[in-house]
Amino acid sequence: MSKGLIDLISILDLEPIEVNLFRGNSPKTSWQRVFGGQVIGQAMMAACRTVEGRLPHSLHCYFILPGDPQVPIIYQVERLRDGKSYATRRVTAIQHGNAIFSIMVSFHSDEESAFNHQDKMPDVPPPEKLTAEEISKQPMFQEVFQRMPDFIRRYYESDRPIELRPVELSRYFGQKIDDGRIHVWIRTAAKLPDDPALHMCALAYASDFSLLDAVMARYGRTLFDKRMMPASLDHAMWFHRPFRADEWLLYAQDSPSAQGGRGLTRGSIFKPDGTLVASVAQEGSIRERRA
């Protein structure tokens with residue numbers, strides 16, 4: 001079993017400590033605060049543990065305080081509704097006696113509908129053309145790839161839970177994306193068990209990666225810029241159609257607005273065959289460090 005699979009399974013595998021109470025742990029990293037996607041995925045898993053026969057169709061959450069990666073996170077689930085077609089759960093993540101995160105997750109029983117449409121998937125290179133080896137063959141990247149910063153090289157490492165293959169690599173070297181539309185191929189680093197809820201939680205975990213980059217792309221900057229202080233404020237996600245998080249998915253992102261130290265981003269997630277499987281929206285704090 002690969003390290004990537006072990007890490008993701010261990011991150012999402014919560015410990016039940018009482019009815020409606022679960023404990024989650026953070027992986028050992030150098031990060032100063034808990035990754036937002038981790039809290040989303042763990043809180044969603046806690047909600048899923050209290051619902052039978054239904055899968056999530058949407059989530060809405062707020063980041064309240066930074067999470068401490070050295071301390072376990074307690075997830076308290078409130079069973080707000082168990083109706084005929086829908087169920088609703090509210091989950092609060094707690095550390096040091098304080099709420100650091102809150103999420104509402106809605107579950108729906110599968111049903112047929114007379115309405116079925118979706119947006120078209122953007123036309124971008126497939127993930128097979130975006131490996132480190134393939135990128136290094138492109139004339140425009142042959143020289144810069146050799147001096148590529150470590151943080152970009154890490155996009156191609158497979159020893160972490162999520163693999164990321166960005167399409168617009170030139171934005172990491174200062175090129176502005178005028179319309180702010182960027183694309184990233186994502187998947188878990190290894191195969192997951194055949195549990196649809198687990199795949200949804202894994203995609204929720206991955207959905208927080210790179211999303212605020214869509215704001216910075218308009219200015220030829222990245223969230224790796226040491227002058228920036230990015231932070232997720234709220235996050236919403238809708239699940240549309242079945243998928244596997246361990247197969248490549250295209251994360252198409254844009255930013256329709258930024259003002260007052262905040263930036264709004266949106267994402268559409270597609271299977272390689274063009275099927276739209278999920279939509280995402282997030283607002284984040286986008287501030288520059290003061291001298």
Side-chain angles (χ1 to χ4, degrees), residues 3-14 22-47 59-75 91-96 98-103 105 150-152 154-164 166 184 186-190 192 198-216 222-226 228-237 245 249 251 253 263 265 267 269 278 280-286:
K3 181 175 181 292
L5 179 57
I6 294 172
D7 284 348
L8 187 56
I9 291 295
S10 64
I11 290 170
L12 296 177
D13 186 20
L14 304 180
F22 302 87
R23 180 188 289 115
N25 293 299
S26 300
K28 295 181 180 179
T29 69
S30 60
W31 294 351
Q32 300 300 308
R33 58 189 180 188
V34 176
F35 168 55
Q38 173 191 321
V39 190
I40 297 173
Q42 289 182 336
M44 185 175 168
M45 180 59 73
L59 62 87
H60 300 260
C61 56
Y62 283 91
F63 298 92
I64 302 170
L65 292 171
D68 181 351
Q70 306 302 319
V71 177
I73 304 173
I74 303 301
Y75 294 94
V91 184
T92 303
I94 302 168
Q95 277 188 326
H96 304 294
N98 297 314
I100 66 168
F101 173 86
S102 179
I103 187 172
V105 185
D150 287 342
F151 70 80
I152 298 180
R154 286 197 295 270
Y155 271 80
Y156 301 100
E157 295 176 356
S158 59
D159 61 346
R160 61 177 185 167
I162 304 298
E163 288 187 72
L164 303 168
V184 184
I186 60 175
R187 70 175 178 184
T188 60
L192 299 176
L198 176 61
H199 285 261
M200 289 180 166
C201 292
L203 187 59
Y205 173 97
S207 68
D208 194 41
F209 272 116
S210 79
L211 193 52
L212 292 180
D213 269 347
V215 177
M216 307 307 298
T222 75
L223 295 177
F224 298 99
D225 190 325
K226 294 183 179 180
M228 300 305 302
M229 297 176 59
S232 301
L233 296 175
D234 60 5
H235 192 97
M237 192 169 185
L249 298 168
Y251 200 173
Q253 307 168 355
T265 55
I269 302 177
V280 185
Q282 182 181 93
E283 187 172 50
S285 172
I286 303 291

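Residue indices begin at 1 and follow the sequence shown. Computed from heavy atoms alone, side chains included, the values below leave out hydrogens, waters and symmetry copies.
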Evaluate side-chain contact (heavy atoms from CB on, under 4.5 Å) for Y251 paired with L164, printing each intermediate quantity in order. CA-CA 10 Å; Y251 200 173; L164 303 168; over 6 Å; no

Criterion side-chain contact (heavy atoms from CB on, under 4.5 Å) on V91 and F22, from CA distance to verdict: CA-CA 10 Å; V91 184; F22 302 87; over 6 Å; no

Using the side-chain contact (heavy atoms from CB on, under 4.5 Å) rule, take M216 and I286 through it: C-alpha gap first, then chi angles, then the decisive distance, then the call. CA-CA 9 Å; M216 307 307 298; I286 303 291; 3.8 Å; yes

Is there a side-chain contact (heavy atoms from CB on, under 4.5 Å) between Q282 and V215 once you walk through the steps? CA-CA 11 Å; Q282 182 181 93; V215 177; over 6 Å; no

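Between L192 and A202, the closest heavy-atom pair is CD1-CB, 3.9 Å. Between A236 and H60, the closest heavy-atom pair is CB-ND1, 3.7 Å. In this structure, F101 and A43 approach most closely via the heavy-atom pair CE2-CB, 3.6 Å. Of all non-hydrogen atoms in C201 and M44, the two that sit nearest each other are SG-CG, 3.8 Å. Scanning both residues, Y75 and A46, for their nearest heavy atoms gives CB-CB, 4.0 Å.
In this structure, the ring of F209 has its center less than 6.0 angstrom from the ring center of F35.
We find the CZ-CD1 distance between R33 and I100 to be 12.0 Å, quoted to the nearest 0.5 Å. Distance CD/Q95 to CD1/I74: 9.0 Å, rounded to 0.5 Å. Atoms CG and CD1, on N98 and I64 in that order, are 9.5 Å from each other to the nearest 0.5 Å. Here the CG atom belonging to L198 is positioned 11.5 Å from the CG atom belonging to L203, to the nearest 0.5 angstrom. Rounding to the nearest 0.5 angstrom, the gap separating the CG atom in D234 from the OG atom in S285 is 11.5 Å. Taken to the nearest 0.5 Å, the CD1 atom of I162 stands 6.0 Å off from the OG1 atom of T188.
When the options T265, D208, I40 are evaluated for a side-chain contact (heavy atoms from CB on, under 4.5 Å) with S232, the one that passes is D208.
Annotation: side chain of D7 is not in contact with side chain of P27 (no heavy-atom distance under 4.5 Å).
Side chain of Q42 to backbone of I11: a donor-acceptor contact under 3.5 angstrom is found. The backbone N or O of C61 sits nowhere less than 3.5 Å from a side-chain atom of H235 that would complete a donor-acceptor pair.
Side chains of S26 and Q38: a donor on one and an acceptor on the other come within 3.5 Å.
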